[in-house]
Each structure stands twice: as C-alpha cells, then as structure tokens.
Colleague: 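Questions regarding the structure given below will be posed in turn.
In this chain, numbering begins with 1 at the start of the sequence shown.
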Amino acid sequence: MIQIGSTGRNSGKTTMAKKVIAENYQRFTIYGLKIITISGARGKCQRGETGCGICTSIDEGYELIEESNSVGSKDTMQLLKAGCKKVYLLKVFYDHLLEGFLTFLQYVPRDTLIVCESNSIREVVKPGLFVMMNNQKSVKKTAAKVIDQADIILETPKLVRSFNLIKTKNGVRFSENDVENRREKV
C-alpha cells in the first residue's frame with residue numbers, strides 16, 4: 001500500500017495519488033481508498049462549520065462506499081478516472097479505523113496495489129510506502145502524529161526523480177537506490 005497523507009487540506013494528496021496511479025495502472029491492478037476519519041462529537045462537523053455532511057451522515061462505526069462514477073470532481077471520482085480498477089471511500093470514526101480498513105481489505109484481491117489517501121491509517125497500519133505532503137503553514141493534528149513515520153516528505157505533488165516502484169516476487173516496493181533503479185521500473 002502507498003499511503004499519501006498531508007499536513008493540511010488542498011495540499012496535493014489527490015494530485016499525487018493520480019500521478020502514481022496514472023504511471024502504474026498498466027502494470028498493476030490498483031485500488032484506491034480515501035479515508036475520512038471522523039473525530040470529535042458524533043453528528044457534528046469536525047471543522048466546526050456547516051460542513052459537507054460526511055461527518056453527520058454516520059452515527060457510529062464506519063461506512064465503506066464504492067465509487068462507481070468517474071465523471072465529476074470528487075477525489076474518489078478522480079482516482080477512478082486516473083486508472084484505479086476500483087475506488088472506495090471509508091468514512092470512519094477513529095475508534096473503528098482498523099475495523100473499517102480490514103473490511104475494505106476483504107474486497108481487495110491479492111497482489112493489488114492500494115493507493116490510500118489518509119493520515120490516520122498510519123496509526124494502525126504500516127504501509128509499504130508513506131508519502132507526506134508538507135506544503136501548509138500549519139500542521140493538522142492527524143499529520144503531526146504520523147509525519148515522523150513518513151518515508152518521503154514532499155513540498156509539491158510531483159514524484160521525485162529517484163522514486164521508483166519495483167515489482168518483486170513478493171509484491172511491490174519502492175526504491176531510491178540507483179542500482180535497484182536499473183531493474184524493472186514501474
């Protein structure tokens with residue numbers, strides 16, 4: 001799994017995810033996952049605003065929704081359009097994060113690359129690669145908890161030159177090593 005987190009909103013998570021997907025979907029089956037972790041009082045927007053309705057649409061646990069539309073501006077729609085075979089939205093209360101993620105995994109075939117947008121999932125799962133988008137003036141709490149665990153921290157949503165996905169008999173991993181970069185690149 002490639003996890004993409006960020007220090008704030010509108011930081012390029014989806015742009016980065018789309019680039020990873022577009023550059024690799026012909027070589028791997030890719031599933032997208034966007035996780036919205038709900039914290040705070042149930043039934044209230046965690047941003048303290050009127051909000052979009054996501055936080056208020058569930059009362060407990062989690063809700064896993066498969067995106068079926070690739071036409072539109074929602075992040076999940078953009079991931080599907082970029083080349084994911086399937087994309088899911090996981091709306092989850094923090095205390096059900098692992099449970100919701102494990103449910104998602106039941107829908108994912110073996111040897112599938114997962115591209116996941118989330119900060120919080122790093123608290124319960126160790127991804128193969130954790131990329132943190134760090135281009136905000138302030139750092140939101142969910143990012144502050146996990147930024148020190150990031151494998152790569154980017155200021156802009158572009159792949160660094162030495163970043164490569166390498167297909168191995170045990171799955172997919174990334175490399176920044178020039179010798180390994182001579183192997184099959186993805």
Colleague: Ignoring hydrogens and angles, tell me if any N or O in the side chain of Asn119 forms a donor-acceptor pair with the backbone of Ser6 under 3.5 Å.
Modeller: yes
Colleague: Using every non-hydrogen atom in the two residues, find where Ser118 and Ser120 come nearest and quote the distance to one decimal.
Modeller: OG-N, 3.2 Å
Colleague: How far apart are the closest heavy atoms of Glu123 and Val146, and which atoms are they?
Modeller: CG-CG1, 3.7 Å
Colleague: To the nearest 0.5 Å, what is the distance between NZ on Lys74 and NZ on Lys81?
Modeller: 15.5 Å
Colleague: Going from CG on Leu89 to CD1 on Ile36, what distance comes out if it is rounded to the nearest 0.5 angstrom?
Modeller: 5.0 Å
Colleague: Check whether Tyr94 forms a cation-pi arrangement with Lys145 (NZ or CZ under 6.0 Å from the six-membered ring centre, at most 45° off the ring normal).
Modeller: yes
Colleague: For the pair Asn134 (side chain) and Leu154 (backbone), establish whether a donor and an acceptor sit closer than 3.5 Å, ignoring hydrogens and angles.
Modeller: no
Colleague: Heavy atoms, side chains only, cut-off 4.5 Å: are Ile147 and Thr7 in contact?
Modeller: yes
Colleague: Quick one: does any side-chain atom of Glu117 pair with a main-chain N or O of Leu33 as donor and acceptor, under 3.5 Å?
Modeller: no
Colleague: Any side-chain heavy atom of Cys116 within less than 4.5 Å of one from Ile35?
Modeller: yes
Colleague: With heavy-atom distances below 4.5 Å as the criterion, would you say the side chains of Ile65 and Tyr88 are in contact?
Modeller: no
Colleague: Could you tell me if the side chain of Met132 sits less than 4.5 Å from the side chain of Ile152, heavy atoms only?
Modeller: no
Colleague: When you look at Lys18 and Leu79, which way does the side-chain contact (heavy atoms from CB on, under 4.5 Å) test go after all the steps?
Modeller: CA-CA 6 Å; Lys18 289 185 335 184; Leu79 298 181; 4.2 Å; yes
Colleague: Assign the ring pair Tyr62 / His96 to parallel, tilted or perpendicular, where the plane angle (0 to 90°) is split at 30° and 60°.
Modeller: tilted
Colleague: Do Lys19 and Ile21 have side chains that approach each other closer than 4.5 Å (heavy atoms only, starting at C-beta)?
Modeller: no
Colleague: Give a yes or no answer on whether the side chain of Gln78 reaches the backbone of Ser73 with a donor-acceptor pair at less than 3.5 Å.
Modeller: yes
Colleague: Are Ile2 and Ile114 packed together at the side-chain level, in the sense that at least one heavy-atom pair is separated by less than 4.5 angstrom?
Modeller: no
Colleague: Would you say the side chain of Lys85 lies within less than 4.5 Å of the side chain of Phe28, judging by non-hydrogen atoms?
Modeller: no
Colleague: Do Glu66 and Tyr107 meet the criterion of a side-chain donor-acceptor pair at a distance under 3.5 Å?
Modeller: no
Colleague: Give a yes or no on whether the backbone of Glu99 and the side-chain of Thr103 come within a donor-acceptor separation of less than 3.5 Å.
Modeller: yes
